[in-house]
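What follows is one structure encoded as structure tokens, with my remarks underneath.
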Amino acid sequence: MMKYKAIEQTVQAVQITPDIDMIAPDWFTKKMNTKEIMIDRVWQDGTTAVIGCTIYFIGRKYKNSRLVARIGDYVVKDSVGRLNVVRKNDFDRLYKKEEA
């Protein structure tokens, strides 16, 4: 039997909401400008609506890979800058807000 220990680290995270364009932190918008993160939208009732985002991996090792986050999911940036998508239920279980 293998034993595993959880890695405790401080991360930055943003929850995907319909107004993510307006509330996104700087690190998220910088990734949007490099097209590493694209906001996913649909045409709905004569207007566009945000349904989530897609993270594209542009590095050599994971080239052409992607992660998809939907409304309510979190995009998490770890201490070395890697991005991951965490579902809301998992996020609430795995992360606690850090005291200022």
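In this view, K88 and D92 satisfy the salt bridge (Lys or Arg N to Asp or Glu O under 4.0 Å) rule, not counting sequence neighbours. Residues forming a salt bridge (Lys or Arg N to Asp or Glu O under 4.0 Å) with K77 (at least two apart in sequence, or on another chain): none. Residues meeting the ring-ring contact (aromatic ring centres under 6.0 Å, His included) test with F28, sequence neighbours left out: none.
Chaining together hydrophobic side chains whose heavy atoms lie under 4.5 Å apart places I51 alongside V42.
Both I37 and V50 sit in one connected hydrophobic cluster of ILVMFWY residues. Membership requires side-chain heavy atoms under 4.5 Å apart, directly or through other members. Follow the hydrophobic side-chain contacts under 4.5 Å out from F91 and you reach L94 in the same cluster. Taken together through direct or relayed side-chain contacts under 4.5 Å among Ile, Leu, Val, Met, Phe, Trp and Tyr, M32 and V76 form parts of separate hydrophobic clusters.
Summarising the local packing, CZ of R82 is surrounded by 12 or fewer heavy atoms from other residues, nucleotides or ligands at distances under 6.0 Å.
Between L67 and F57 there is a side-chain heavy-atom pair separated by less than 4.5 Å. Within the 4.5 Å cutoff, side-chain heavy atoms of V75 are placed close to those of I55. Counting only heavy atoms from C-beta outward, the side chains of Y56 and M38 approach each other to under 4.5 Å.
Formation of a donor-acceptor pair under 3.5 Å by the D90 side chain with backbone atoms of R87 is not found in this model.
Residue pairs meeting the side-chain hydrogen bond (donor to acceptor under 3.5 Å, both in side chains) criterion with at least one partner in residues 44-54, sequence neighbours excluded, are D40-T54.
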Show me the donor-acceptor pairs, under 3.5 Å and distance only, between side chains in residues 11-24 and residues at least two apart or in other chains.
residue: Q12; atom: OE1; partner: W27; partner atom: NE1; Å: 3.1
residue: Q15; atom: NE2; partner: G72; partner atom: O; Å: 2.9
residue: T17; atom: OG1; partner: D19; partner atom: N; Å: 3.4
residue: T17; atom: OG1; partner: D19; partner atom: OD1; Å: 2.5
residue: D21; atom: OD2; partner: R41; partner atom: NH2; Å: 2.7

